[in-house]
Amino acid sequence: MTAANIDKGYGFDASWTITAPDGEPEDLAGASVVWKIAKTKEAAAPLLTKILSLAGSTATLSLTDEETETLEPGSHYHQLSVALSGGSPKIYFSGFITVVDRL
């Protein structure tokens, strides 16, 4: 993922190439990839949860302007979980992203 900011009230897209521990691309056929965002890492519930679209080894997140409008400006915790076909979900990526207020 390369984007560092989500512009409040505007569409947002990001993608991740999912790789195995050996660095080889994962086959995402039958997988479930879920992205969540919350105000803090310790939040009881996410502000948004999205199931990502999959193509090959790439998972793509698309947020609408209506979805980003619901987010308050500031730093937010977000994470990506991957459940390969027949497997349990595992956190693949986590970190912080900034929601920026725009005109």
Side-chain angles (χ1 to χ4, degrees):
M1 188 188 133
T2 58
N5 296 324
I6 295 174
D7 294 326
K8 181 179 174 75
Y10 292 86
F12 176 80
D13 296 305
S15 61
W16 291 262
T17 298
I18 309 300
T19 57
D22 64 3
E24 291 297 313
E26 285 282 9
D27 177 7
L28 297 179
S32 173
V33 180
V34 177
W35 178 85
K36 296 179 182 181
I37 188 169
K39 189 62 184 162
T40 66
K41 188 176 181 178
E42 296 79 20
L47 299 170
L48 282 175
T49 300
K50 296 286 287 190
I51 297 172
L52 278 62
S53 60
L54 308 175
S57 62
T58 301
T60 301
L61 167 69
S62 291
L63 299 178
T64 66
D65 52 345
E66 291 89 5
E67 289 169 322
T68 66
E69 185 64 39
T70 66
L71 301 172
E72 292 299 320
S75 181
H76 291 69
Y77 173 78
H78 66 131
Q79 70 181 33
L80 187 75
S81 65
V82 177
L84 297 176
S85 183
S88 298
K90 296 180 180 159
I91 302 298
Y92 182 80
F93 168 87
S94 64
F96 290 88
I97 192 164
T98 302
V99 175
V100 179
D101 217 355
R102 298 288 185 200
L103 295 176

Looking at Ser57 and Leu28, what are the two nearest heavy atoms and their distance? C-CD1, 3.5 Å
Measure the spacing between OG1 of Thr64 and CG of Asp13 and express it to the nearest 0.5 Å. 10.5 Å
Whether Thr68 side chain and Gly9 backbone form a donor-acceptor pair below 3.5 Å: yes
I want to check something: taking the side chain as every heavy atom from C-beta on, are Val82 and Phe93 in contact at a cut-off of under 4.5 Å? no
If two hydrophobic side chains count as joined below 4.5 Å and joins carry through other members, does Leu48 share a cluster with Val100? no
If you apply the rule side-chain contact (heavy atoms from CB on, under 4.5 Å), what do you find for Leu61 with Leu80, and how did you get there? CA-CA 10 Å; Leu61 167 69; Leu80 187 75; over 6 Å; no
Quick one: hydrophobic cluster around Ile91, which other residues, with the 4.5 Å side-chain cut-off, linked directly or via members? none
Hey, any chance Tyr77 and Ile37 share a hydrophobic cluster, counting ILVMFWY side chains that come within less than 4.5 Å of each other, even indirectly? no
Is it true that a side-chain atom of Lys8 and a backbone atom of Glu69 form a donor plus acceptor pair closer than 3.5 Å? yes
Are side-chain heavy atoms of Thr70 and Leu47 found at a separation under 4.5 Å? no
Contact summary for Ala38 and Ala45, nearest pair of heavy atoms: CB-O, 4.2 Å
Min side-chain heavy-atom separation Thr19-Tyr92 under 4.5 Å: yes
Atom of Thr58, atom of Thr17 and distance for their closest heavy-atom approach: OG1-OG1, 3.9 Å
Do the non-hydrogen side-chain atoms of Leu71 and Phe12 ever get within less than 4.5 Å of each other? no
Supply the atom-to-atom distance Arg102 CZ to Asp65 CG, rounded to the nearest 0.5 angstrom. 15.0 Å
NZ/Lys36: more than 12 non-hydrogen atoms of other groups inside 6.0 Å: no
Do Ile51 and Val34 have side chains that approach each other closer than 4.5 Å (heavy atoms only, starting at C-beta)? yes
To the closest 0.5 Å, what do you measure between CG (Leu103) and OH (Tyr10)? 6.5 Å
Where does the angle between the aromatic ring planes of Trp16 and His78 fall among parallel (under 30°), tilted (30 to 60°) and perpendicular (over 60°)? tilted
Closest approach of Gln79 to Ser94 (non-hydrogen atoms, all atoms of both residues): CB-CB, 3.9 Å
